Amino acid sequence: MTALRAYIRIVDRMNRWIGRLVMYGIFVMMAILLWSSFSKVGSDLGFDINPSLWTLEMAQFAMVAYYILGGPYSIQMGSNVRMDLLYGEWSDRRKAWTDAITVLFLIFYLGVLLYGGYDSLSYSFQYGERSPTAWRPVLWPIKTIMCAGLFLMLLQALSELAKDILRIRGEHIPREVI
Amino acid sequence: MSYELIAILMFSTMMVMLMTGQRVFGAIGFVAVLASLLLWGDRGGYDIGFSAAMKLMKWYPLLTLPMFIFMGYVLSESKIADDLYKMFHVWMGGLNGGLAIGTIGLMVLISAMNGLSVAGMAIGATIALPELLKRGYDKKMVTGVIQAGSSLGILVPPSVVLVLYAMIARQPVGQLWLAGVLPGLMMAAMFILYIAIRCRLNPALGPALSPEERDVPMGEKLRLLRAGLLPLGIFAAMMVPFVNGWTSLVESSAIGALTAFLAAVFKGRMNRQVFETSVRSTLGISCMFMWIILAALAFGAVFDGLGAVKAIEDLFTERLGLNPWVILILMQLSFIIMGTFLDDTAMLVIVAPLYVPLVGALGFDLIWYGVLYTITTQIAYMTPPFGYNLFLMRAMAPPEITLRDIYGSILPFVLVMTLALAIIMIFPQIALWLPETVYNK
Amino acid sequence: QSTIKWRMQTYAGPALAAHVIDPAIAMFNKIAGDRMQIELFYADQLVPTGELFRAMQRGTIDAVQSDDDSMASPTEVTVFGGYFPFASRYSLDVPVLFNQYGLNEIWDAEYSKVGVKHISAGAWDPCHFATKDPINSLADLNGKRVFTFPTAGRFLAQFGVVPVTLPWEDIEVAVQTGELDGIAWSGITEDYTVGWADVTNYFLTNNISGAWAGSFFANMDRWNELPEDLQTLFRVCCDQSHYYRQWWYWGGEASLRVNGTKMQLTSIPDAEWAQVEAAAVKFWDEIAAESETKAKVVEIFKKYNADMAKAGRPYRYG
Ligand code: NA
Ligand code: NA
C-alpha cells in the first residue's frame, strides 16, 4: 500500500506539473494564429511580409501537444465527463469498485493507442518522415510528444486504478483535485 | 458474422460501457480499438486508434475549440457581463416580467460573444438568477428562462457546435453561423412573447420593479446603454474580418479570444484568480472535448470500415421505404431520446456522422439541417432525466432551487423550442435567407 | 474456397471517385465475383491521406490509388508523383514516359525496397489555378494561400504563393472560410466535378504541368498472394481507370473552357509565364542534385521533352 501511495504521489505530481505548464499553451496557439492573421492582412495591405507557410501546421502541433500532454491533468481535475445517470447516484465505495474494473478498459485503449504511436514514431525515424506540405517539417518531434503524452496518460490511468484500490480499502481520496 | 451485426454489437457494447460511468472517451475508445483488433488485428488493426490522432491533428477547425472555450471562461469568470445585466435591469424593470425579458436579451448578447452554452448558463445562474429571485420572480419560471436563454449560445454565432457540425457535414462554417442568426433571434422573441403573456395573465410570476428602484436619472440610464457596446465590439472584432474573408475561421477565433481577454483587462477584471481559473478550465474542457473526439474518430473509422453508414441508409430508404420527411422527423426524435442519456459531444461525433450523409442523400439542405440539429440537441439537453443544461443548472443555481424545480421549469420552454423547430422545418428560408444573401448564392 | 477481400483507399472524395475509380472497381468486383471483392474507401475515410502509405505498407489497407507526393511515400521518386512542374504537356506524355522511357522500372525498384507493389502509373489531369480573385500577372500570385501538391508548392513558393496542405475533403469549405484563396490542384473538369467551381471565380489557363502522374499500389505480400489471373484482372481494371481519365479530362477541359459558366478564364501573358518555365528548369536541376535516382528521372524528362520538340507538330508547337 505504501508503494501504491508513493506511485500515486509521484505520478500525480509529475502530471500536474506538466499539465500546469501546457495549460499556458492556449497562449501559444493564440499567438501563432494571431501572427498568421497579422502576416496575411499585412501582406494584403501591401506591407512587405509574406503570409507564413508554417502557421497552420504549427498551431496544429501546438494543439495536439496541448490536449495530449494536458490529458493526465484533466483526469486529475475530473474534467472528463462520465455518463452519470446511474453512476452519479452510487456510493463512493461502489463507484470505486466499478471504476477499478472499468479503468482497465481505459488502460487497454491507451495501451493500444501508445502501441500505434510507437509504431508510427519508429516509421518516422526509419524514413525521416516529413509532413507532405510545402513547409515539410519532420514529424518525429510531434510524434515523440504524442507518444510521451500517451505514456503519461497511461501512468495516470494506472494511478487512478491505484486510488480506487485504496478507496476500496476504505481510504478517503478526493476525486477531483485542481 | 455479418457487418451489420458487428456494428450493432459495437454500438450496444459502447452503450453498456457508458452506463458503467467510466469516462466517456475511455468507453468509446475501448470499443473502437477492440473491434478494430478483432476485425483486422492481423492486418495492422492496432493503428486505427493512433491514426485517429493524426486525423484529429489535420482537422483544422478544431483549433477554434480551445479559443472559444477560453473566451467563454474569460467572459463568465471576469464578470464583465455585470454591467450588461444592470443595463437590462434599469431599462426593462418597469414591465411585468421585464427582468426575465431582460435576461433573455442578456443571453442574446452573451451568445454573440461566445460559442458554448456554458458561459450563458454561468452568467445567468450567477448574476441574473439571484436578482430575479430577490425581486419575487417565480423560481420555476426564471430557472427555465435561464436554461432556455443559454441555449441561444450555440445558435447565435459564434457557435462551437456548428463548427463541429460543419466538420462532420463538410459545410462552410460561415454560412452555418449566419444560418443560426435569425432562428436564434426568432427563438429569443418567442421566449420573450411567452414570458410577457404569462406575466400579463399572472403578474405575480414576475412583478414589476418598485418605482423607487426604477427611479434612475436619465443620464445614468443612457450611460448604462454603453455596456451594450462591449458585446457588439467583441462580436464585430471577430465576425467582421471573418465574414469579409480578411481572416480565416481559426484566426478569427483567436482574435475573439484575444478581444475578450483584453476587454477583461481594460475593465480591470482580469485578476490573478480569474486568469488562473480561465486558463486551467480551458485546458480541462478542451481536453474533455478532444479526447472524446479522438476516441469517436477511431470508432467512426471502424464503423465506416464496416460500411455501417450505408447499411443504415439502406435500412431507412430501401427496406423501410420511408418518406424523406418521416425519416427526418424520426431522426430528430431519436436525437431527443438519445439526448436523455448521451453526452453532447459524444452524440455529435458518434451519431451525426451516421445521420448527416443520409440527410444529404435524401436531398435536404445541410445548412438548414445544421440549424435543426442544433435546436434539437438543445432540447435534448434540457429534457430530463439526463441533460447537460439540467446538470449545469443544478451545479450553478442557488440552493433554494431544487432538482424538481429545474425539471418542472423547462416544459413550457421545450414546447416553445419545439414550435420554433417546426416553424423552421416548414419555412427553411428563416435559416437560409441570411447566408444566401450575404454569400449571394 | 473463401472470397479474397481487399480494402482499398483512394485519395479522391466521393464526387471525384465516381469518375476516376468507382467504375473500375465495380468492374473488377463484377468480373471477379465470388473469388475476390474490393471494398473501396474515399479520401481520409479509414486513415488520413498522410498516413496512407504506411497503412498500406503494413497491410491495414491492401491497395491504394494516389500520387506519390500526396501520400508522402518514402521513396526517391516521391517528388515526381503528382504534378512535377512542366514535366509533361499532354496527358499521353505520362504513359509514354513510364512505358517507353523507363520510368516503370525505376518506380518498381523504388517501391520494392519499401515493401510496396507499384502496379501502374497513369496520366491524370493538368494543373491549373482556381482562385477567388483573378490572376492576370505573376504579381497576382503573390501572397495567395493555395491548396496544392507539396512539390508544386515548393516550386511555387518562389513566386510568393503560400502553399497550404489540408485534407482533400476540407478544401471546399476551407476556401469559403478564408483558409484558402484558391486551389492549384487540378484541371477545370475536376473543379466542376467536386464543387470547387462553386466557391472560386477564376480559372487560370496557364498550367504548371500538363498532366499529373498518379498510380495504383498494393501491399507487396497481398499482391504476391493473388493468383496470376486476378493480378492480371486488377491491372486491366487499373488501366481502364487510366483510360477513362484520358478522354474524360481531355474532352472535359476543352468543353468547360468553352461552355462552362461558373468560372471566368484569365491568362498570364506568355512572355511573363516564360519566367515560370525558366524557373522550372532550374528547379529540375536542384532536384536532380539531391540523389542519383532523382538525377536519372530528371535526365529522362529532359531527353523525352527534347525528343518531342524535335518531333515537331503535333507533339510540340514551338
Ligand atoms: Na454564440
Ligand atoms: Na436530455
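As the structure is a computational prediction, the values presented were derived from the model and not from experiment. We use all heavy atoms of the structure for the numbers below, so side chains are in, but hydrogens, waters and symmetry mates are not. Chain letters run A, B, ... following the sequence lines, proteins first and then strands; every chain starts at 1.
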Tell me, do [X] and [Y] make a side-chain contact under 4.5 Å, heavy atoms counted?
| X | Y | result |
| --- | --- | --- |
| B:M67 | A:I26 | yes |
| A:M77 | B:M288 | no |
| B:L63 | A:L56 | yes |
| B:L283 | A:Y66 | yes |
| B:L294 | A:Y67 | yes |
| B:V33 | A:L113 | no |
| B:I255 | A:S37 | yes |
| B:M57 | A:M63 | no |

(Q) Could you walk me through whether A:M146 and B:M54 satisfy the side-chain contact (heavy atoms from CB on, under 4.5 Å) test, starting with their C-alpha distance in whole Å, then the side-chain angles of each, then the deciding distance to 0.1 Å, before giving a yes or no? (A) CA-CA 10 Å; A:M146 290 165 89; B:M54 299 307 287; 3.9 Å; yes

With rounding to the nearest 0.5 angstrom, report the [atom1] to [atom2] distance, [X] to [Y].
| X | Y | atom1 | atom2 | answer |
| --- | --- | --- | --- | --- |
| A:M29 | B:S286 | CE | OG | 6.5 Å |
| B:F261 | A:F27 | CZ | CZ | 5.0 Å |
| B:L258 | A:L33 | CG | CG | 11.5 Å |
| B:W59 | A:Q60 | CH2 | CD | 12.5 Å |

Q. Could you walk me through whether A:L106 and B:F25 pass the side-chain contact (heavy atoms from CB on, under 4.5 Å) check?
A. CA-CA 8 Å; A:L106 173 62; B:F25 83 89; 3.5 Å; yes

Look at [options] and state which one has the largest set of heavy-atom pairs under 4.5 Å with chain B.
| options | answer |
| --- | --- |
| A:T98, A:V103, A:I101 | A:V103 |
| A:G70, A:S74, A:G117, A:S120 | A:G117 |
| A:L34, A:T55, A:I32 | A:L34 |

(Q) Under 3.5 Å, is there a donor on one side chain and an acceptor on the other for B:Q22 and A:T102? (A)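 Yes, because at least one side-chain N or O of B:Q22 sits under 3.5 Å from a partner of the opposite role on A:T102.
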
Heavy-atom distance under 4.5 Å to chain B: side chain of [X], backbone, both or neither?
| X | value |
| --- | --- |
| A:K143 | side chain |
| A:Y73 | side chain |
| A:W35 | neither |
| A:L114 | neither |
| A:M30 | both |
| A:V112 | both |
| A:E57 | side chain |
| A:D119 | side chain |

Q.
Please give me the minimum heavy-atom distance between A:G71 and B:C287, naming the atom from each residue.
A.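 Scanning both residues completely, I find the closest heavy atoms to be N-SG, 3.8 Å.
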
Q: Keeping to residues at least two apart or across chains, list the salt bridge (charged side-chain N to carboxylate O under 4.0 Å, His left out) pairs with something in residues 273-284 of chain B.
A: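 Every pair satisfying salt bridge (charged side-chain N to carboxylate O under 4.0 Å, His left out) with a residue in residues 273-284 of chain B: A:R20-B:E276, B:E276-B:R280.
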
Q) If you tally heavy-atom pairs under 4.5 Å against chain A, which of B:A257, B:P66, B:G26 wins? A)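 Ranked by contacts with chain A, first place is B:P66.
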
Q.
Quick check on the interface: out of B:V250, B:L37, B:I69, who has the most heavy-atom pairs with chain A under 4.5 Å?
A.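 Heavy-atom pair counts peak at B:V250.
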
Q.
Using side-chain contact (heavy atoms from CB on, under 4.5 Å), reason through B:K58 and A:S131 one step at a time and then give a plain yes or no.
A. CA-CA 11 Å; B:K58 297 280 171 195; A:S131 174; 3.8 Å; yes

Q: Check the pair A:R82 / B:V24 against side-chain contact (heavy atoms from CB on, under 4.5 Å), numbers first and verdict last.
A: CA-CA 5 Å; A:R82 300 161 179 270; B:V24 168; 5.6 Å; no

Q. Taking the six-membered ring where the residue is Trp, are the ring centres of B:F30 and A:F105 under 6.0 Å apart?
A.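 Under 6.0 Å, so yes.
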
